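Before any comments, here is the structure.
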Amino acid sequence: MNRNCNGSDGDAYKTLEAAVNNSSAGVQILIRGGIYNEQLIPKKSGEENKFIKFENFENEVVQFTGASLAPALWINQKDYIKIKGLRFIDCPQFMSIKSSSHITIEDCHFENSTMWESCQLKNMGDYFFFKNNKVKNGTDLLTIQGGNFHLIEGNTFDTASHTCLVFMGVQKSVIRKNILINPNQKLLEIFATRNREWSGPYRKSQHILIENNLFGPNSHREGLYQGKEAPASWGVQFAGVKCIMRNNIFAGCEGGMDICGYGRIGGDGDSPEAVFNYSNRFYNNTVYSNGGKGRYGSGPGVKFSHNTYSEFYDNIFLNNIFYANRIFKDAHTLRDVPSVQVAFRFPANPSETRFYNNNITALNDSNENVFLLSKKDKEYTIASFEETYPSFSNDNIKGNPLFVVNKPNLKSIDRNEYELSKDSPCVDAGRFLTQTNGSGMDSVLKVEDPYFFSDGSSIVEGDIIRVGDEEVQIISVDYDTGYIILDKKIAWKNNTPVSLIYKGNAPDIGAIESY
């Protein structure tokens, strides 16, 4: 911005409104430090490779605040807009974005909002990037409805009256390297669109990559509900299709994963929000010490709960750690079952889900019951569960995973504390994700199960995988045929093991590849 106002390296304006009104594609608007009690409302769209950018000037603090800012940032039917380095403090609503594409929000700070959906995105187009922001103290901190190719990366979400992050009808998108903390309720929700606020045909949330996030804590809310039964609270409440959830840590939550299903196609209200839950791959996550002083039915490490209308099948759990989770006052049995790590709530049953090669261990590391079919009030050890359901569960192990820190801090999650010690039973104990189908020498590879892999959906890098002894990067995945296009030509034999890259002789179990 030219402070001499002669226009040689930019024009200067006395008001934000004047600068906004005179913006055009490719223009960068640098905002001087100060308190702004007005809305930021872009009036024009940018163009491909010519974003309209709104940024703070150098290191000056630009803060939007005020009781009338509902929302403070308002983008409606505009494209190619970038917001960087701004603060939105004490606003009823931080931002509202509708029917817009190619919107980037990065390095911003949002704190203290009261309206429903603090950052609300409705009927979204494609390519919403939300990177390296901090969002604190609101309702639903960030809700995204619709669209493809969204990237939520490197953010901290802290304290929501309902949920930190919500995806509804979002496809081909990535959630990674975020920290989610909430003493009140839930951390992440993945759902389809619902009839009461989506005018078009329902839209599933599918092909979402959820990786390398920290979930927790969210179980320290004594006194918040003044003696009333607290609402359900989970690290993730999930109803997605063909999604990948990997390398995440869930710790200190009232429950780890709720793989759920409710509503029905053609129903009213929230239907069919949580009807679709199939062909998902949950692998190499660490789910530790969840479940506690929550409501009836909160906990354990993972719960399966759906109704008879749900499309619920082909979900695989592989190479995960479920350790030291517990249930207090199970919803059906009304009793404590503190050793249980995995629970099926009627009509959910083991035939819909596969458990392969996980470490599933109660806190005291003895031969305890770690599976629960709560409608039947029937508990199982690993051995008895695998004997009863051999087609759906095998090669699971038990034993203290031996993190490098004996008791990781549950009030401030540190990823490094969940690395494995050299003596851990989880080191080199993981199963390969899938295998090749046929032999060949080419840059096009066919695998038995392509749902374990991501090509990055054009927004992040594709997976680097190991095919036998060869390391290659994925360019694209055809999930219908099982063909994967690689970045170079390699040779392979039939049934060659395929996995992400790993150290040692085989993948580790858990979120961190340690040795």
Side-chain angles (χ1 to χ4, degrees), residues 238 242 244-246 256-257 259-261 277-287 300-306 308 310-323 325 327 330 332-333 337 339-362 365-401 425-426 428-437 447-452 482 494-499 506-510:
F238 181 91
K242 301 175 184 176
I244 296 170
M245 186 176 293
R246 66 189 183 195
M257 304 176 178
I259 314 302
C260 65
N277 212 332
Y278 57 86
S279 297
N280 301 293
R281 301 293 179 259
F282 305 84
Y283 65 93
N284 285 102
N285 300 286
T286 294
V287 187
V302 58
K303 179 188 77 170
F304 302 95
S305 61
H306 62 80
T308 56
S310 299
E311 297 182 17
F312 196 106
Y313 57 88
D314 185 36
N315 296 308
I316 296 178
F317 286 75
L318 176 72
N319 294 347
N320 301 285
I321 292 173
F322 296 100
Y323 174 54
N325 303 288
I327 302 176
D330 173 71
H332 289 293
T333 66
V337 280
S339 67
V340 167
Q341 308 300 300
V342 180
F344 296 87
R345 300 281 161 74
F346 182 80
N349 68 84
S351 68
E352 302 158 334
T353 307
R354 307 290 185 266
F355 274 87
Y356 301 142
N357 219 91
N358 303 282
N359 182 318
I360 306 173
T361 304
D365 190 19
S366 64
N367 191 33
E368 293 190 82
N369 294 319
V370 291
F371 288 88
L372 169 69
L373 272 65
S374 58
K375 183 66 174 180
K376 297 181 179 180
D377 196 9
K378 178 69 173 178
E379 297 176 48
Y380 301 85
T381 64
I382 288 178
S384 63
F385 188 82
E386 292 186 350
E387 182 179 355
T388 306
Y389 302 101
S391 298
F392 317 129
S393 180
N394 57 63
D395 296 328
N396 297 290
I397 66 173
K398 70 177 183 68
N400 186 326
C426 298
D428 286 358
R431 180 184 289 190
F432 298 106
L433 299 180
T434 187
Q435 60 188 16
T436 58
N437 188 337
V447 298
E448 293 287 346
D449 189 340
Y451 293 132
F452 281 103
N494 189 37
N495 298 329
T496 297
V498 184
S499 193
D508 293 343
I509 296 176

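Since the structure is predicted, the reported quantities are computational estimates derived from the model, not experimental observations.
- Looking at heavy atoms from C-beta onward, Ile244 lies out of side-chain contact with Tyr451 at the 4.5 angstrom threshold.
- Proximity of Gln341 to Thr361: side-chain heavy atoms (C-beta onward) are nowhere separated by under 4.5 Å.
- Closest non-hydrogen pair, Pro425 versus Ile397, comes out as O-CD1, 3.9 Å.
- The distance from the OH atom of Tyr323 to the SG atom of Cys426 is 10.5 Å, given to the nearest 0.5 Å.
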request  = In sequence, state the C-alpha distance, the side-chain angles, and the governing distance for Phe312 and Ile259, and then conclude on side chain to side chain contact (heavy atoms under 4.5 Å, CB included).
outcome  = CA-CA 9 Å; Phe312 196 106; Ile259 314 302; 3.8 Å; yes

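- Each of Phe392, Phe452, Phe304 was scored for a ring-ring contact (aromatic ring centres under 6.0 Å, His included) with Phe317, with one residue passing: Phe304.
- Looking at every heavy atom in both residues, Ala348 comes nearest to Ser305 through CB-N, 4.4 Å.
- Contact annotation: the side chain of Arg431 never approaches that of Pro507 to less than 4.5 Å [non-hydrogen atoms, C-beta and beyond].
- Under the 3.5 Å distance criterion, the side-chain polar atoms of Thr436 are matched with a main-chain donor or acceptor of Thr496.
- Between Phe344 and Asn349, the closest side-chain pair of non-hydrogen atoms is not below 4.5 Å.
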message = Could you walk me through whether Lys398 and Val370 satisfy the side chain to side chain contact (heavy atoms under 4.5 Å, CB included) test, starting with their C-alpha distance in whole Å, then the side-chain angles of each, then the deciding distance to 0.1 Å, before giving a yes or no?
response = CA-CA 10 Å; Lys398 70 177 183 68; Val370 291; over 6 Å; no

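- Closest of all the heavy-atom pairs between Asn359 and Gly399 is ND2-O, 3.0 Å.
- Formation of a donor-acceptor pair under 3.5 Å by the Asn369 side chain with backbone atoms of Ser339 is not found in this model.
- With Glu386 contributing its side chain and Asn396 its backbone, the two residues share a donor-acceptor pair below 3.5 Å.
- The CE atom of Met245 lies 5.5 Å from the CE atom of Met257; values are rounded to the nearest 0.5 Å.
- Separating the CZ atom in Phe432 from the CG atom in Asn495 is a distance of 13.0 Å, to the nearest 0.5 Å.
- Shortest non-hydrogen contact noted between Ser384 and Thr381 is OG-N, 2.8 Å.
- Once rounded to the nearest 0.5 Å, the distance linking CZ of Arg354 with CG of Asn394 reads 10.0 Å.
- Between the Asn357 side chain and the Ala429 main chain, a donor and an acceptor come within less than 3.5 Å of each other.
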Intermediate values then yes/no, side chain to side chain donor-acceptor pair (under 3.5 Å), Thr353 and Asn315 = CA-CA 5 Å; Thr353 307; Asn315 296 308; 4.9 Å; no

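- Between the side chain of Asn277 and the backbone N or O of Cys260, at least one donor-acceptor pair lies under 3.5 Å.
- Using a 4.5 Å cut-off on side-chain heavy atoms (C-beta onward), Val302 and Val287 make no contact.
- Between Asn320 and Asn285, the side chains place a donor N or O and an acceptor N or O closer than 3.5 Å (distance only, hydrogens not considered).
- Environment of CD in Glu448: crowded, with over 12 heavy atoms of neighbouring residues, nucleotides or ligands closer than 6.0 Å.
- Shown here for Pro300 and Val340, the closest heavy-atom pair between the two residues is CB-O, 3.2 Å.
- Across Ser499 and Leu433, no two heavy atoms sit closer than the pair OG-CG, 3.7 Å.
- Interatomic distance, CD1 of Ile316 versus CZ of Arg281, reported as 3.5 Å (0.5 Å rounding).
- The backbone N or O of Asn319 lies less than 3.5 Å from a partner atom in the side chain of Asn358, making a donor-acceptor pair.
- Annotation: the span from Phe322 atom CZ to Thr286 atom OG1 amounts to 9.5 Å, rounded to 0.5 Å.
- Phe371 and Phe385 have parallel rings, their planes meeting at less than 30° on a 0 to 90° scale where 60° marks the start of perpendicular.
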